[in-house]
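Before any comments, here is the structure.
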2 protein chains.
Amino acid sequence: MGKLTIKDIAREAGVSITTVSRVLNKKEEGMSQETREKVLRVMEELNYQPNKLARGLVTKRSNMLGLIVPNISNPFFPELCRGAEDEANKRQYSLIICNSDDQTQKEENYLRLLKEQQVDGILLSSKDRLSKTSKNQLQSGKIPYVLFDRGEEGNNYSGVFLDNEKGGYLAGKHLTDLGHTKIACMTGPQDIRNSQQRLLGFQQALMENSVNLLGSFILDGDFQMDTAYRVAKDFLQNNNVTAIFACNDLMACGIYRAAHEIGIQIPEQLSIIGFDDIPLVTALIPKLTTIRQGTYEMGRKAIELLINKIENNSSEEVVFEPTLIVRESTEQIRRD
Amino acid sequence: MGKLTIKDIAREAGVSITTVSRVLNKKEEGMSQETREKVLRVMEELNYQPNKLARGLVTKRSNMLGLIVPNISNPFFPELCRGAEDEANKRQYSLIICNSDDQTQKEENYLRLLKEQQVDGILLSSKDRLSKTSKNQLQSGKIPYVLFDRGEEGNNYSGVFLDNEKGGYLAGKHLTDLGHTKIACMTGPQDIRNSQQRLLGFQQALMENSVNLLGSFILDGDFQMDTAYRVAKDFLQNNNVTAIFACNDLMACGIYRAAHEIGIQIPEQLSIIGFDDIPLVTALIPKLTTIRQGTYEMGRKAIELLINKIENNSSEEVVFEPTLIVRESTEQIRRD
DNA sequence: ATGAAAGCGCTAACAA
DNA sequence: TTGTTAGCGCTTTCAT
């Protein structure tokens, strides 16, 4: 039992608890060197660790932040978590990471939980738009929050986003630069704006280079590997293209398999470009050319915005620029 | 600011705070249906959310658990997190996930932090053995903890482990069953017990089948893909084996690449078996045969042990059995 | 069946 | 330079 409290330290050091509290909070202006050191020494000796809960109760600051991710198993998100965590720690906050499993229900639960746990702010990432309950949770009680990768109406919220259209554009430009003209694109779920925008930018780039993207060459994916595999297998058996843009890397993996089974060589007969640059893509053979989102950096930035919001009540939207990472899965069209 | 407190509810419902507290905690034996409902209604109307920090201060229970993983970017750990999180939530705890990045320093920091945050218990996973400071943190203050995948002296601690030797054995048996005799094994870092035990079990299986594992066919890896690639490339160019056991899946990926560049076909000329069964291995072509650890389940179980420890002070060690998952990267030796 | 009051470990006026 | 005291939001005896 008997956990050490500020009282024990005070008694042991022969001072008042206020004094102890002062050195704890480094509010030591005009405090004798001697007392300070004595207190510090006693703390050290007894291995005292302050109770942050009690502290939070009076300061109204828990120094905890909540992070809700839609799916920790998607390799995209651990990077986000790391960035977020590193920044949070640097700023003396700790992070409660929650996994909503893409379920609105769970998201809402976590939102409530985090508020009950008195987090100082919430970083919310999920692919769907905010449910009514979620929005409510966020707004009632005015808890500071920042949105990751998805927007919202209104204008006093913070968010970090990727310029998905630009990303799609880079992919399209890369492919046309290589001389491809028979090109397909596999999209994510219909209702995800990200995916729509990637397609949009992609089409834009093709258009600028007078390449036509046939409607039947727009393949419906769902960001999952297995679906991508099935769709691609069917498509590639019946159509003749020299390049495919997959709206995320996981789907690119599925396309690899489909191509392999049909006997299509990558990149000799088919160039593939992905999107995300998740770590596993360098394990593919050939290594995947893709569009990188600076996920780690985005996580950092998001927490930075969140803390700014908490500490200065400032709101900001920041948009990240994607970059093209050329590896081995795309090459110049062969004219033979 | 005016966040709603139990007082507001009491006033609004015309009862004492004790009564409100009672319905909050469902200690309603001998309480009039009427009052109960009134309180509930007011809570609902005002959208009251109790402050868990304040609660924790008096009950000495934060209902928070800490989970320290060595590297969230290693696809092995998100699964662990999910299992842990699901079980924790089911039991009304929330989880603070921390990433120690394989740095003892960070691990020690987190340990301190978690204790200050008054978590009720800690699940600690990391590949090294406990540092002195870590051990101290864990033991002083008697915070309940369970160790994931690594042991310790003493006997009143809980832990969940994999039978790594059995895993290695399964791998070895699979390969010899397929008729392989010229076999190599790529290990993890020298000082990791896991890796040593896998090798041990592997050798055991070979021995039982009168297959000899040459010392020079034991390759030093470090659980990383890149190193595995380099080591394997050098090895495969100069030696003739028909099968390799990689002590984790990430290294198997590196070996794939090496084999590919040398022009060795998998599995026709070389069978490969991995260890872990991380999600990405089904993206490999051919799909990797491997030894599965039930990571998700291990995470669940670990939290279960932790909560048992917290609530009943019971200690237990549980050992998981690995299973062989046969996919496409291993096949019967060809006698030609 | 309900309430008053003490106290959890800490911070922050205010006093001295 | 240091201490006294009230109070954060809640639970928990102990009364009533």
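Atom set for the values below is all heavy atoms of this structure, side chains included, hydrogens, waters and symmetry mates excluded. By convention in this document, chain letters (A, B, ...) are assigned in the order of the sequence lines, proteins followed by strands, and residues within each chain are numbered from 1.
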Heavy-atom count around B:Gln105 CD within 6.0 Å, excluding the residue itself: above 12?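 Check fails, neighbour count at 12 or below.
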May I ask you to check whether over 12 heavy atoms, not counting those of A:Gln103, lie within 6.0 Å of atom CD?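 Yes, because the 6.0 Å sphere around CD of A:Gln103 holds more than 12 heavy atoms from other groups.
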DNA chain D: 5'-most and 3'-most nucleotides touching chain B, 4.0 angstrom heavy-atom criterion: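 Under 4.0 Å from chain B, the extent on DNA chain D is D:dC8 to D:dT12.
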Using distance alone, with no hydrogens and no angle criterion, decide if B:Tyr296 and B:Asp86 have a side-chain donor and acceptor under 3.5 Å apart.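 Side-chain D/A pair, B:Tyr296 to B:Asp86: present.
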Side chains of B:Asn308 and B:Glu316: do they bring a donor and an acceptor to under 3.5 Å?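 No, because no side-chain N or O of B:Asn308 sits under 3.5 Å from a partner of the opposite role on B:Glu316.
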Under 3.5 Å donor-acceptor, B:Ser131 side chain and B:Thr104 backbone: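 Answer holds: no.
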Exam field: side chain A:Lys115 to backbone A:Gln137, donor-acceptor pair closer than 3.5 Å: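 Between the backbone of A:Gln137 and the side chain of A:Lys115 there is a qualifying donor-acceptor contact (under 3.5 Å).
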Could B:Glu85 and B:Arg82 be called an ion pair, given the rule that one side-chain N must be under 4.0 Å from one carboxylate O?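 Salt bridge between B:Glu85 and B:Arg82, a charged N being under 4.0 Å from a carboxylate O: no.
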In whole angstrom, what separates B:Ile9's CD1 from C:dT2's C1'?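 Distance check: B:Ile9 CD1 to C:dT2 C1' gives 18 Å.
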Give the ring-plane orientation class for A:Tyr157 versus A:Tyr145, where under 30° counts as parallel, over 60° as perpendicular and anything between as tilted.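 Parallel: the ring planes of A:Tyr157 and A:Tyr145 meet at under 30°.
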Whether each nucleotide of nucleotides 8-16 of chain C has a protein heavy atom under 4.0 Å at its base (B), only at its sugar-phosphate (S) or at neither (-) is summarised, 5' to 3', as BBBBBB---
Reckon B:Ser16 has a side-chain N or O less than 4.0 Å from the OP1 or OP2 of C:dA4?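 No, because none of the side-chain N or O atoms of B:Ser16 sits under 4.0 Å from OP1 or OP2 of C:dA4.
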